[in-house]
Structure formats: structure tokens, C-alpha cells
Amino acid sequence: MIPFLIALASPQYQESDQLKTLLPNGAVIFCEKRESPFVSVQLILSNRDFPDLPSNYGYRHLIEHIAARSIPGHDLEIESSGGFLFCSTSRDWMRFEWRLPPDKLSLAYKGIGQLLKDCGATEDLIKRESILVGREVDLASTPEIASKQAWKSVYGAEGIDPVGNKESVSGAKPDDLRGLWRQMTRGSNVVISACGTLDQKLFTSSCKDLLSGLMTSKPGPIATRAIDGSFGAAGMVGVPIPSITTKQGVNALVAAFGLAGRLNRPFITYTPSIRSGMALVGTTDPYDSIKQVVDVEDPAIIFILGRINAIEWVKSRLSTPDGAAEFNGTLLSLSPSLRPAKLIESIELASYAGFLRTWSLIKGVAQ
Amino acid sequence: MEPHQRCCAVIPAFVFFTQITVSNQVSSVPEIREYAVPGRDSVAIEAVVKLPDLNSSQRYVLAQAMQVAVQMTPEFGNRDVLHVQKTGTRFRLYMAADHVRIGLTVDKGDFGPGLSLLHSVLTEPSFLADTIKARRSRMTSPWGPAYRGFDLQEAELNHDTMAALWQGIMRPKNISVAVAGTFRGNAPTEKWRSMQTGWVYDAPNQLPLSYPLLAKPLPNPLPIIVYDSKPITVTRASLASYLLAANALGVGKESVQWLVAREAMNLSYRQEAFLLPTVQGWRFRMAYATDEAGTKAEVLAELRTKLRAKCESLTQADLNHAVGIGSGYLAYQMPTLPLLLGIGESLSNDLNDQTYLRHYWRTMYGFDWDAESILLQMKGITLPEMKKLLIQLIDESDVRIY
């Protein structure tokens with residue numbers, strides 16, 4: 001009982017409980033000690049310098065499907081111990097999360113060590129998982145479908161989604177996937193991020209052993225995306241968010257969160273990126289109108305609300321061990337110097353004039 | 001694999017706070033319970049409203065009425081409704097087969113205005129004519145029907161039918177309110193008791209039934225196969241058995257459904273087993289998202305045969321796996337509890353959802369959700385017992401395709 005109380009009563013963290021280590025080969029290890037019933041260990045593989053292309057549309061997603069089941073008996077061992085393996089793929093990274101009882105941390109080390117050796121791609125698995133990728137696409141919800149449309153409308157071909165489809169991924173060959181896997185597992189593309197009940201030095205030391213054999217690399221130039229259009233539909237708008245390391249990016253984020261703050265039953269989907277990104281903002285309430293909000297509400301109030309909400313969003317991402325490991329880890333996979341505290345500071349310094357530029361864009365597409 | 005594909009219904013582990021007050025038992029005033037959680041900067045207020053038997057049109061009208069009721073009341077204007085709630089939060093409105101949830105979050109110390117707002121919504125919603133517009137929800141999820149324990153039939157909306165239905169349901173005896181967070185003990189109870197006017201005790205017992213029906217909803221974009229058990233009785237004793245069965249069948253990447261339907265038959269990307277309140281009572285449900293080919297009678301027969309064979313071949317390692325899954329959500333906060341309350345989405349580990357879950361259980365079943373005790377019972381179940389239940393659930397389930 002006591003661990004639950006601690007976990008829910010103490011969402012705050014201290015910098016002194018965190019340890020970040022940059023390895024000579026470019027890989028990053030981050031961990032945060034926090035009392036919790038579980039520990040979250042995440043392997044994050046960045047593709048910031050080799051974005052998805054029409055020629056390998058959905059391949060990384062297919063790799064994720066295959067790699068997640070590539071270690072015989074691994075899921076059985078994790079799940080039998082009370083843990084779980086979660087996986088996801090975004091436009092900028094792929095993520096494997098071992099959520100485990102604190103005394104089962106060794107399962108994460110074992111899994112990471114095995115995964116970094118090989119993604120397990122075979123002809124048979126590609127065939128099986130291609131069908132499942134197709135079925136996954138069919139299950140997309142309205143916001144997921146809208147998000148794809150928004151990216152395509154705003155960024156054209158460069159807004160390609162990471163999911164792929166059955167047709168695109170069924171043409172993949174094992175060597176194609178292994179080639180991508182090798183790129184993703186070069187030193188500078190690898191981050192291990194953890195949060196929970198752990199010993200920081202011991203954890204870091206164990207991860208160093210796992211990562212020491214990776215090929216040394218430096219990040220290549222970031223591929224940018226050019227805005228090519230806009231997106232607005234009933235109950236939702238696409239808000240382009242420039243790199244989150246820039247003032248324009250933060251101003252746009254504040255506008256997106258300000259709008260969401262004025263909607264009933266709002267939703268906002270946004271993944272921080274140092275390329276141009278996208279926040280899809282909408283309402284699930286059929287009685288609400290984005291157009292009415294942008295036409296009637298005072299932008300100055302929206303700006304203040306947006307700053308508060310954006311900061312709350314960062315804090316909420318950090319409030320659970322799994323959220324903290326993911327948020328810290330994915331920011332570090334974008335840039336080893338990008339930290340949540342820096343993001344909060346930038347949001348506090350957001351400019352009203354910059355906010356108005358995005359607000360005007362939202363006004364133009366709101367329906 | 002998207003995050004939601006971690007496998008199953010996502011109500012996380014609990015129990016995290018202590019109930020410090022069991023307040024009034026006076027049936028003329030909705031009951032209120034306080035849950036103390038130290039060190040919180042917000043307060044969760046959750047109302048669980050028990051539902052009488054409703055037909056599918058009444059459910060539709062009630063679902064729309066909930067959306068309109070929280071827009072404004074005579075006491076709270078549109079902006080007041082927003083201001084009372086914690087910045088960035090909104091009413092949580094869900095309908096399940098057996099209850100509706102009306103929840104809100106306020107800043108620490110603001111439970112008074114929060115309770116006033118809730119009281120006003122429950123007793124005197126405006127239902128203004130110009131805000132009542134029959135609109136389809138903008139959001140759809142092909143998986144949605146898997147988690148739903150009732151049907152909806154669109155009907156015409158107007159102020160009178162909405163108000164009559166609302167008054168018929170929002171009676172003190174149907175409502176139980178939870179307040180969770182950091183506050184002086186008994187303060188929310190005193191506040192709640194001080195504002196108990198406006199309840200309609202003499203509303204007609206018969207809920208209005210004359211709803212002009214509108215067009216039937218469009219079919220689901222993707223076939224969802226559902227195997228429903230006969231209605232089951234969820235008690236302290238049976239809960240652990242059914243949860244263990246769900247763990248074995250449909251939670252995790254080593255579950256029977258995953259191995260059979262997804263990996264052996266390539267039939268579905270998403271497959272789950274869980275307990276769900278339905279209009280006819282609790283059911284044990286297995287669900288699969290497939291395509292038209294997957295709904296053919298011979299495929300369904302093959303699926304049932306293979307599930308049965310797999311269950312018959314389960315070993316002690318599989319039982320250990322099922323118990324391990326249980327310890328995941330009962331002891332380690334894994335978001336995999338195979339128990340759906342019909343809200344159509346995952347419950348999170350946050351204070352609001354956890355308060356709601358705990359309060360729902362107490363209100364509907366009269367005993368506390370005791371994770372340790374459930375896990376202990378789960379660990380006492382033998383392999384033959386688990387296999388017998390699994391095979392019974394497979395053999396006796398009825399297939400439905402949405």
C-alpha cells in the first residue's frame with residue numbers, strides 16, 4: 001500500500017535525482033530515481049537524420065512489430081513477472097518500453113542487449129506482420145485519420161506518416177529492415193531513458209555495458225519540412241509547430257494549447273520535434289465550435305491560457321515514471337541538450353506577437 | 001504497434017487512498033464520500049449515477065443531455081462553468097450500461113464551488129433550445145463497439161423530453177458523489193449537505209418513452225467480432241476467477257487470443273478479453289477486430305476450435321503467466337486491468353479516474369475494491385480450475401458482429 005501512496009502523492013522530482021550520461025559513441029543514458037511501484041526503462045532509437053521516404057513507407061513501423069516479438073520467451077518472462085513491454089513508432093523515433101517491478105530490472109537489460117544485436121527480420125515475419133500492419137491501419141480512430149490528413153495537407157509529401165500500409169510494407173526485404181536497423185542503432189541515435197525505483201549509478205553502469213559496442217556516430221543534418229498548405233475540418237485544426245527549440249515553435253505551441261483550453265472536451269495530439277511538427281487540436285463535443293472560439297474570444301486571454309496549459313502539459317508528462325522516461329528520453333533523442341526544464345523556460349518566455357502569427361493562421365482555417 | 005495496442009482494456013492499478021468519511025445515509029440527499037489523498041494540488045469530484053432500465057433511444061437522449069447540461073445552468077454561466085474547473089480540465093461525461101459518470105476537477109480548496117456547480121448541473125440544467133441540436137459525435141473509433149454494453153438509437157431532441165428524462169434519472173437515491181484530494185476532513189460533506197435544495201422528488205416514475213426515431217446509425221467501419229458470455233454474477237469470490245480467465249485469454253502478447261487469433265490465424269490486430277457491464281448484467285467478453293473474410297461462419301468455427309484446443313493445452317507456466325499479468329495491474333500499476341466500465345476508453349492512473357473506479361465499485365457493489373485480496377485469491381486458483389472456466393466461457397459464449 002505504501003508505494004502507491006508515495007507514487008500518487010509525490011509527483012515532484014528533483015534534478016539531483018537525475019543522471020544524464022553522454023557516451024563517447026554518441027549514445028545517451030538518462031535515469032531518474034523516483035519511488036514508484038514500477039520502473040520504466042525505454043530504448044529510444046532516433047531517425048532524426050534519415051526521415052521516412054515513400055520508398056520505405058512504414059518500414060520502421062514494421063520493424064517495431066517484428067523486433068517486439070523477436071526474443072523468444074521474452075514477453076512470457078516479462079508478463080509472468082508482473083511487467084509489460086510497450087512499443088511505439090513516431091515520425092522521429094521508435095520506442096521500446098520495459099515497465100517492470102523494480103526487482104526485475106535485469107529483464108530490461110536482457111531485452112535491450114538482444115534487441116541491439118538484431119531486429120529479427122525474416123521473410124515469414126514480414127509476411128505475417130504486413131497483414132497485421134494493414135489491419136492496424138483499418139483500426140485508426142477519427143483523430144488518427146485526421147492527423148494523417150493534417151500532416152499531408154500542411155507538409156505535402158514530407159508529411160508522410162510512420163505507420164505505412166499493408167501494400168507498402170509487404171514489399172520490404174529482411175535486408176532493407178536490417179539496413180534501417182543498423183542506422184537506428186548507431187551510437188548517436190540511441191537513448192536509454194529510465195525512471196522509477198533504481199540506483200542511478202548502477203543503472204548507468206549497466207547501460208554503458210550494453211551500449212559500449214555501438215558504432216560511434218554524430219548526428220547528420222536535420223531534414224526540414226516546408227509548409228505547403230493548411231488543415232481545418234469540423235471540430236479540429238492542424239497547427240504547424242516549427243522546431244520546438246525555436247521561439248516560433250514555442251509560440252505556436254502556446255497558441256495550440258490556448259485554443260484547446262477554450263474548447264469543450266478538447267483533444268490535442270503533439271509530439272515534440274526539432275523538425276517542423278504538428279499539433280492537431282480539436283473537440284469531441286459536437287456542440288462546440290472552434291470558429292466561434294477564435295472569432296469571439298480575446299486572443300490575449302488565449303495567450304495566457306496557452307502558456308499555463310503548455311506548462312501544465314509538460315508537467316503532466318513528467319508526473320508518472322513512464323511519462324518522465326518517455327518525455328526526457330524522446331527530447332534527448334532529438335537533441336542531447338533538450339530538457340523539459342528548458343522547454344518550460346521557453347514557454348514562460350513566449351511572445352504575444354509570435355503567438356498572434358499562429359493565432360491568425362488558426363483563424364484562417366477554423367470551421 | 002501503437003501505444004494502445006499494449007493489449008487490453010486499460011484501467012490501471014489502484015488502491016491509493018484512504019476513505020475517511022462515510023457520510024449521510026439520508027435517501028433524500030445524494031450520498032457523498034470523501035477520499036483523502038495527501039499532497040495534491042487539485043480535487044477530483046466524481047458523481048456516479050445509477051441508471052434504471054433505458055431503451056436505446058432514451059440512452060441516446062441522455063447522452064446528448066449530458067453534453068448540454070454542463071454548458072450552463074441558471075446559476076453558472078458558460079464562463080463560470082470553465083472558471084470553476086481547474087485550468088485545462090473539463091467535465092468528464094460517460095455513459096455505461098449501468099451508470100453515468102459526471103466528473104470534474106477543481107483546484108485545491110475549490111471543492112465548494114465545484115460541488116455547487118455539480119449540484120446545479122444535476123438539479124437545474126438549462127437545456128436551452130438553441131444549444132440542443134442533434135449532432136453525431138465527430139469522433140469514431142472502429143474498436144468502440146467492443147467496449148460498449150448497450151445500443152444507441154438516434155431520436156429527435158427537444159427541451160421537454162431532455163428535461164423529463166434528466167429529472168427522472170437525477171434523483172438523490174440514484175446519485176453518489178466522491179470527493180478526493182487534500183482537504184479538511186468532513187468539509188466537503190458539510191458543504192454538500194448545505195446546498196441540498198432543488199431536487200425533484202415527485203417526478204413521474206415512468207420515464208418518457210415517446211422519442212421520434214431518426215435514422216439508424218451507420219454500420220461500424222470494421223467488423224468487430226464479440227463473444228459474449230451469458231450474464232454473470234460478479235462477487236468478491238468470482239471476480240478473481242474471471243479476471244484470471246481474462247488475463248489468460250486476452251491480456252498480453254502471450255495470451256491465448258494473441259497467439260491464436262493474431263499470430264497463428266492472422267485474423268486480427270487487436271484482440272482482448274475483459275469483463276464489461278451490459279444492459280443485461282456483467283458479461284465476460286472476447287473481442288476481435290477483423291475484416292469481412294474474418295466474419296465467415298467457418299472462420300468463426302475454426303477460431304473457437306483453436307481457442308478451445310489452446311486452452312486445453314495450457315500448462316502451469318501459462319497459469320503463472322496469467323497470475324503475473326494480474327500482479328502487474330494489481331500490484332505494479334500496469335495499465336492492463338481487463339475490466340471495462342463501459343466508458344469507451346482507458347482509465348488512467350490519475351486521481352480522477354482512480355477516484356471514479358474506486359467510488360463506482362463501492363457504490364454499485366457495496367464493498368471496497370481490494371487489490372491485495374483479489375491477487376491473493378487469484379494465486380489460489382489451480383490450473384484445472386482455470387482451464388475449466390476458460391473452456392466454459394468459450395463454449396457457452398454467443399457470437400455477435402458489430
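Just so we're on the same page: letters track the sequence lines, and every chain starts at 1.
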Contact class of A/L100 relative to chain B, heavy atoms under 4.5 angstrom: backbone
CD1-CG distance between B/I224 and A/L139, expressed to the nearest 0.5 angstrom: 6.0 Å
Is it the side chain or the backbone of A/I308 that comes within 4.5 Å of chain B heavy atoms, both, or neither? side chain
Donor-acceptor pair, A/R128 side chain versus B/N266 backbone, under 3.5 Å? no
So how far is it from A/R135 CZ to B/Y288 OH, rounded to the nearest 0.5 Å? 13.0 Å
Keeping the roles fixed (side chain from B/K253, backbone from A/A68), state whether a donor-acceptor pair exists under 3.5 Å. no
Check: A/P321 and B/Q333 side chains under 4.5 Å, non-hydrogen atoms: no
Does any backbone or side-chain atom of A/A140 lie under 4.5 Å from a heavy atom of chain B? Answer side chain, backbone, both or neither. backbone
Surrounding CD of A/Q292 (heavy atoms of other residues, nucleotides or ligands, distance under 6.0 Å), is the total greater than 12? no
For B/L375, which atoms come within 4.5 Å of any heavy atom of chain A: side chain, backbone, both, or neither? neither
Roughly how far, to the nearest 0.5 Å, is OG of B/S268 from CD of A/E136? 12.0 Å
What part of A/D138 gets closer than 4.5 Å to chain B, counting heavy atoms only: side chain, backbone, both or neither? both
Does A/K291 NZ have over 12 foreign heavy atoms under 6.0 Å away? no
Counting heavy-atom pairs under 4.5 Å with chain B, which one of A/V133, A/D75, A/I78 comes out on top? A/D75
On a heavy-atom basis, which atom in B/L259 and which in A/R69 lie closest, and how many Å separate them? CD2-NH2, 3.5 Å
A/S80 OG to B/L319 CG distance, which is reported to the nearest 0.5 Å: 10.0 Å
Heavy atoms of B/E254 and A/E79 approach each other most closely as N-OE1, 3.5 Å
Check for a donor-acceptor pair, side chain of B/R90 on one end and backbone N or O of A/L263 on the other, with a separation under 3.5 Å. yes
Determine, step by step, whether B/I325 and A/F84 satisfy the side chain to side chain contact (heavy atoms under 4.5 Å, CB included) criterion, reporting the C-alpha distance in whole Å, the side-chain angles of both residues, the deciding distance to 0.1 Å, and the verdict. CA-CA 8 Å; B/I325 290 281; A/F84 216 87; 4.2 Å; yes
So which residue, A/G82, A/S81, A/P102, ends up with the most heavy-atom pairs under 4.5 Å with chain B? A/G82
For B/P142 and A/S141, work out which heavy atoms get closest and say how close. CD-CA, 4.2 Å
Measure A/E129 against the heavy atoms of chain B and call it side chain, backbone, both or neither at under 4.5 Å. side chain
In terms of heavy-atom pairs under 4.5 Å, which option from A/T320, A/L132, A/I145, A/L62 contacts chain B the most? A/L132
Measure A/A146 against the heavy atoms of chain B and call it side chain, backbone, both or neither at under 4.5 Å. neither
At a heavy-atom separation under 4.5 Å, does B/L222 approach chain A through its side chain, its backbone, both, or neither? side chain
Is B/Q71 close to chain A through its backbone or its side chain, or both, or neither, when contacts mean heavy atoms under 4.5 Å? side chain
Atom of B/Y332, atom of A/F38 and distance for their closest heavy-atom approach: O-CD2, 3.3 Å
Residues, nucleotides or ligands: over 12 heavy atoms within 6.0 Å of A/K148 NZ: yes
